[in-house]
Amino acid sequence: QVQLVESGGGLVQAGGSLRLSCAASGRTFSNYAIGWFRQAPGKEREVVATISQYGSSTKYADSVKGRFTISRDNAKNTVWLQMNSLKPEDTAVYYCTAVVPGTTRPRYDSWGQGTQVTVSS
């Protein structure tokens with residue numbers, strides 16, 4: 001099982017940008033499709049974006065399309081989530097995890113610490 005650690009969160013004003021990083025260790029990173037998820041207070045965890053093993057396929061939640069971009073560099077064992085035009089409703093803890101390829105379903109039933117993103121209005 002690949003180990004993933006999120007970083008890059010913070011406090012930003014509405015309209016601002018942040019780039020989250022998901023650093024992997026352990027198994028061969030290119031074997032894994034990766035997804036970014038988020039969970040806001042009092043809400044269920046939801047998928048934000050996913051990327052295939054070699055980055056050829058990406059998918060986004062409707063709420064972030066056109067504002068967020070997911071990318072990866074397998075040589076650096078890292079997936080990024082570039083978040084632009086942030087809105088207060090993007091405030092949440094963001095997590096990355098391996099997903100079943102072609103789906104938004106987490107591959108493992110385990111989550112890291114996540115990284116907090118707070119967008120002020």
Side-chain angles (χ1 to χ4, degrees):
Q1 180 174 339
V2 66
Q3 285 80 46
L4 301 170
V5 177
E6 307 92 345
S7 64
L11 173 63
V12 64
Q13 289 189 332
S17 298
L18 281 174
R19 188 172 83 155
L20 305 184
S21 297
C22 173
S25 61
R27 299 297 187 94
T28 303
F29 185 55
S30 58
N31 287 347
Y32 296 89
I34 301 294
W36 280 99
F37 293 73
R38 67 186 181 186
Q39 187 167 22
K43 295 187 177 181
E44 292 190 356
R45 188 174 286 147
E46 62 176 0
V47 63
V48 175
T50 61
I51 188 165
S52 59
Q53 290 94 316
Y54 291 94
S56 60
S57 176
T58 58
K59 296 182 180 179
Y60 298 90
D62 287 344
S63 59
V64 306
K65 278 181 183 176
R67 300 188 298 122
F68 291 10
T69 302
I70 189 171
S71 61
R72 69 188 294 162
D73 184 337
N74 288 342
K76 296 182 178 179
N77 285 0
T78 303
V79 170
W80 294 278
L81 184 68
Q82 178 67 43
M83 306 187 297
N84 298 328
S85 302
L86 282 161
K87 304 175 180 180
E89 50 263 44
D90 294 318
T91 295
V93 178
Y94 283 70
Y95 304 87
C96 62
T97 191
V99 296
V100 176
T103 78
T104 59
R105 189 165 72 251
R107 186 166 173 174
Y108 306 109
D109 186 22
S110 64
W111 299 88
Q113 299 275 0
T115 186
Q116 175 71 49
V117 172
T118 303
V119 184
S120 64
S121 57

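When reading the values below, keep in mind they use all heavy atoms of this one structure, side chains included, and skip hydrogens, waters and symmetry mates. None of these values were measured; they are calculated from a predicted model.
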Give the minimum heavy-atom separation between A40 and A92, together with the two atoms involved. N-CB, 3.8 Å
Residues which pass side chain to side chain donor-acceptor pair (under 3.5 Å) with Q116, listed by chain and number, not counting sequence neighbours: T118
Pairwise disulfide bond (SG atoms under 2.5 Å apart) hits with a residue in residues 50-94, at least two apart: none
In Å, rounded to the nearest 0.5 Å, how long is the span from NZ of K87 to OG of S121? 14.0 Å
When you measure from the side chain of R107 to the backbone N and O of T97, does any donor-acceptor pair fall under 3.5 Å? no
Closest contact, heavy atoms only, T103 versus V100: OG1-O, 2.8 Å
Once side chain to side chain donor-acceptor pair (under 3.5 Å) is applied, do any residues pair with R105, and if so which ones, sequence neighbours excluded? none
Which residues satisfy the side-chain contact (heavy atoms from CB on, under 4.5 Å) test with E46, sequence neighbours excluded? R38
What I'd like to find out is whether the side chain of Q53 reaches to under 4.5 Å of the side chain of P101, using heavy atoms alone. yes
Is W80 close to T69 at the side-chain level, that is, under 4.5 Å between some pair of heavy atoms? no
Indicate the atoms forming the closest heavy-atom contact of N84 with S17, along with that distance. OD1-OG, 2.9 Å
Residues at least two apart in sequence or cross-chain that pass side-chain contact (heavy atoms from CB on, under 4.5 Å) with T28, listed by chain then number, are S30, N31
Can you pull the disulfide bond (SG atoms under 2.5 Å apart) pairs that have at least one residue in residues 31-93, sequence neighbours excluded? none
Counterpart residues, side chain to side chain donor-acceptor pair (under 3.5 Å), relative to K43 (two or more places apart): none
In short, disulfide bond (SG atoms under 2.5 Å apart) pairs touching residues 39-88 with sequence neighbours left out are none
For A14 against P88, the heavy-atom pair lying closest together: CB-CD, 4.1 Å
List in chain and number order the residues that pass side chain to side chain donor-acceptor pair (under 3.5 Å) with S120, two or more places apart in sequence or in another chain; answer none if no residue qualifies. none
Scan residues 15-70 for pairs that pass disulfide bond (SG atoms under 2.5 Å apart), counting only residues two or more places apart or in two chains. C22-C96
Going by side-chain heavy atoms closer than 4.5 Å, which hydrophobic residues are tied to L4, directly or by a chain of links? V2, V12, L18, L20, F29, Y32, I34, W36, V48, I51, Y60, V64, F68, I70, V79, L81, M83, L86, Y94, Y108, V117, V119
How far apart are the closest heavy atoms of R72 and N74, and which atoms are they? NE-OD1, 2.8 Å
Which residue pairs pass the salt bridge (Lys or Arg N to Asp or Glu O under 4.0 Å) test when at least one of the two sits in residues 47-64, sequence neighbours left out? D62-K65
Minimum heavy-atom distance P106-W111, with the two atoms named: CG-CZ2, 3.7 Å
Just by modelled atom types, is the S85 backbone N or O under 3.5 Å from a matching donor or acceptor in the R67 side chain? yes
